[in-house]
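Atoms within a ligand are numbered from 1 in the order they appear, just like the ligands themselves. In what follows, residues are counted from 1 in the order of the sequence shown. These numbers come from the heavy atoms of this one structure, side chains and all, not from hydrogens, waters or symmetry mates.
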Amino acid sequence: MAKPRVILITGASSGIGKATALKLQAQGNIVYGAARRIEKMTDLAAAGVHVLKIDVTDEKTLIAAVKTIQVEQQRLDVLINNAGYGSYGALEDVPLSEGEYQFKVNVFGVMRLTQLVLPIMRAQHRGRIINVSSIGGKIYQPLSAWYMGTKHAIEGMSDAIRMEVAPFGIDVSIIEPGGIKTEWAGIAEKKLLEVSGETAYHEQAIKVGAILSLFDQFASNPGVIAKLMVRAVNDVKPKSRYHAGMGSGLSLTARKWLSDRQFDKMMTTAINGAAKLAKLEHHGQRTGKRHYQHN
Ligand SMILES: NC(=O)c1ccc[n+]([C@@H]2O[C@H](COP(=O)([O-])OP(=O)(O)OC[C@H]3O[C@@H](n4cnc5c(N)ncnc54)[C@H](OP(=O)(O)O)[C@@H]3O)[C@@H](O)[C@H]2O)c1
């Protein structure tokens with residue numbers, strides 16, 4: 001078994017963060033799981049995970065969390081910046097304050113916590129930072145500009161940071177999940193329909209919402225990403241990027257090889273196809289084959 005590490009993971013109350021915290025804990029690591037809803041982390045506490053209440057937009061809570069770990073463990077080996085949500089809706093419809101909040105959670109929260117942890121890792125001459133981006137850090141869809149913007153920012157910033165902290169023995173990896181069955185899609189769909197469901201963008205909103213509504217059925221389980229996280233924590237030479245989950249390989253390959261206009265066309269076809277499928281699902285008209293289950 002790999003040497004136990006002291007690990008802080010944000011967004012541990014649900015989905016990818018919860019699955020990852022449990023997996024890393026089961027492997028014998030000392031795991032701190034953090035989120036706003038501590039009542040959703042009683043299962044983690046029961047499994048031995050140290051539970052911390054943080055709001056990534058509230059610096060005081062981040063400082064307190066890092067201090068707690070320093071006092072209790074005198075070290076911090078791995079930071080996993082996982083907390084985040086999808087603010088969907090047409091750019092014209094999403095209030096600027098919501099766009100700013102999306103960046104506060106998905107980007108500024110990540111960067112502030114990283115700032116707080118880096119002095120500890122530098123002093124140790126060792127550390128690992130794992131930032132959860134998305135395939136949305138490389139590709140794009142309509143009605144998701146703020147979310148895609150945050151994840152593109154995480155990609156570029158993580159690359160820059162990887163180079164600047166390497167001389168101190170600190171590694172930075174990026175995780176790019178595809179579609180994963182968590183609370184994420186429901187939150188994104190709700191926001192999308194609230195802001196753009198009855199505007200000039202409503203037809204697009206219905207179609208993009210249809211893709212999100214299919215996550216419950218077709219998306220991969222969070223365990224797929226928890227496995228990747230374990231690799232990013234334990235790999236002797238961690239990769240700069242790991243990806244897995246529904247559609248991740250296809251999307252990233254298409255983005256790499258297609259021109260922007262070709263990718264636009266492919267995405268439009270995918271959105272229209274998903275909208276048709278969701279309609280059929282809705283009316284219970286699907287027959288035949290069982291759906292492929294991702295694990
Ligand atoms: N699911 C997907 O298909 C997918 C695909 C690509 C990337 N991702 C990314 O994966 C990461 C994890 O998402 P998930 O899919 O596991 O979604 P999830 O089930 O909604 O979990 C999101 C987590 O983030 C936490 N969080 C949200 N806002 C926070 C805040 N202000 N302060 C502290 N914690 C906060 C939530 O905890 P509280 O609400 O309790 O604070 C929750 O634990 C996100 O960065 C997401 O963008 C997800």
Side-chain angles (χ1 to χ4, degrees), residues 8-23 32-44 49 51-62 64-65 80-88 98 100-113 130-141 144 146-155 158 174-191 211-226 228-229 232 241-248 251-252 294:
L8 168 59
I9 177 164
T10 66
S13 63
S14 166
I16 292 170
K18 178 172 282 203
T20 303
L22 287 170
K23 204 167 178 69
Y32 285 77
R36 291 168 302 181
R37 294 171 299 170
I38 43 171
E39 71 281 5
K40 293 255 177 195
M41 297 192 279
T42 49
D43 51 346
L44 296 190
V49 173
V51 165
L52 295 171
K53 185 175 168 72
I54 62 154
D55 180 336
V56 295
T57 66
D58 180 353
E59 188 186 33
K60 287 191 301 298
T61 67
L62 300 182
I80 304 179
N81 283 305
N82 165 71
Y85 76 98
S87 184
Y88 270 54
E98 167 58 22
E100 284 172 355
Y101 186 70
Q102 170 78 128
F103 266 80
K104 269 192 180 164
V105 174
N106 288 14
V107 180
F108 287 90
V110 170
M111 296 308 155
R112 184 62 190 125
L113 190 52
I130 299 167
N131 290 334
V132 178
S133 171
S134 165
I135 52 171
K138 286 279 180 57
I139 67 155
Y140 52 86
Q141 268 177 350
S144 60
W146 287 110
Y147 179 68
M148 302 292 168
T150 64
K151 294 304 187 181
H152 276 67
I154 288 294
E155 296 266 341
S158 301
I174 299 166
I175 305 284
E176 298 170 328
I180 309 295
K181 223 178 277 180
T182 67
E183 293 180 8
W184 181 89
I187 294 169
E189 186 185 2
K190 185 165 176 279
K191 286 191 173 288
I211 293 190
L212 297 168
S213 75
L214 291 172
F215 271 48
D216 266 354
Q217 230 170 326
F218 295 102
S220 308
N221 290 321
V224 167
I225 304 301
L228 275 195
M229 298 271 214
R241 284 176 170 74
Y242 297 81
H243 72 81
M246 182 184 71
S248 62
S251 311
L252 294 172
H294 302 263

Consider every N or O of [X] and every N or O of ligand 1, then say whether any pair is closer than 3.5 Å.
| X | value |
| --- | --- |
| Asn106 | no |
| Pro177 | no |
| Ile180 | yes |
| Asp55 | yes |

Among all the protein's non-hydrogen atoms, which is closest to [atom], and how far away is it?
| atom | answer |
| --- | --- |
| atom 28 (N) of ligand 1 | Arg36 NH2, 3.2 Å |
| atom 48 (C) of ligand 1 | Ile16 CD1, 4.0 Å |
| atom 25 (C) of ligand 1 | Gly11 CA, 3.6 Å |
| atom 5 (C) of ligand 1 | Gly178 O, 3.1 Å |
| atom 37 (O) of ligand 1 | Ser13 OG, 2.9 Å |
| atom 12 (C) of ligand 1 | Asn82 OD1, 3.2 Å |
| atom 14 (P) of ligand 1 | Thr182 OG1, 3.4 Å |
| atom 35 (C) of ligand 1 | Ala83 CB, 3.7 Å |

Report the distance from atom [atom1] of [X] to atom [atom2] of [Y], rounding to the nearest 0.5 Å.
| X | Y | atom1 | atom2 | answer |
| --- | --- | --- | --- | --- |
| His243 | Ile135 | NE2 | CD1 | 10.0 Å |
| Thr150 | Tyr85 | OG1 | OH | 9.0 Å |
| Asp55 | Thr61 | CG | OG1 | 5.5 Å |
| Ser248 | Leu228 | OG | CG | 8.5 Å |

| query | Once the angle between the rings of Tyr88 and Trp184 is folded into 0 to 90°, is it parallel (under 30°), tilted (30 to 60°) or perpendicular (over 60°)? | reply |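 If you compare the ring of Tyr88 with that of Trp184, the planes turn out perpendicular.
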
Check contact between [X] and ligand 1, using heavy atoms of the residue and a distance below 4.0 angstrom.
| X | answer |
| --- | --- |
| Lys151 | yes |
| Gly179 | yes |
| Gly245 | no |
| Thr10 | no |
| Ser133 | yes |
| Ala185 | no |

Any luck finding a side-chain donor-acceptor pair between [X] and [Y] under 3.5 Å?
| X | Y | value |
| --- | --- | --- |
| Glu98 | Ser87 | yes |
| Asn131 | Ser158 | yes |
| Ser133 | Glu176 | no |

| Can we say Glu183 and Arg37 salt-bridge, meaning some charged N sits less than 4.0 Å from an Asp/Glu carboxylate O? | yes

| message | Exactly one of Asp58, Val107, Leu62 should register a side chain to side chain contact (heavy atoms under 4.5 Å, CB included) with Arg112. Which one does? | response |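 The side chain to side chain contact (heavy atoms under 4.5 Å, CB included) with Arg112 is passed solely by Leu62 among Asp58, Val107, Leu62.
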
Only heavy atoms of [X], strictly under 4.0 Å: list the atoms of ligand 1 that pass.
| X | value |
| --- | --- |
| Ser134 | 6 (C), 7 (C) |
| Val132 | 9 (C), 10 (O), 11 (C) |
| Ala12 | 43 (O) |
| Gly15 | 16 (O), 19 (O) |

| Sidechain-backbone polar pair: Lys53 side chain, Arg36 backbone, donor-acceptor under 3.5 Å |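 Side chain of Lys53 to backbone of Arg36: a pair is present.
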
| message | Would the distance check show the side chain of Lys151 and the main-chain N or O of Val132 forming a donor-acceptor pair, the cut-off being under 3.5 Å? | response |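 Yes.
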
| query | Would you say Ile154 and Met111 make side-chain contact, with heavy atoms under 4.5 Å? | reply | yes

| request: Could you see which bit of Ala34 sits under 4.0 Å from ligand 1, with heavy atoms only: side chain, backbone, both or neither? | output: neither

| query | Given Met246 and Phe218, is the side-chain contact (heavy atoms from CB on, under 4.5 Å) satisfied, shown in steps? | reply | CA-CA 8 Å; Met246 182 184 71; Phe218 295 102; 3.9 Å; yes

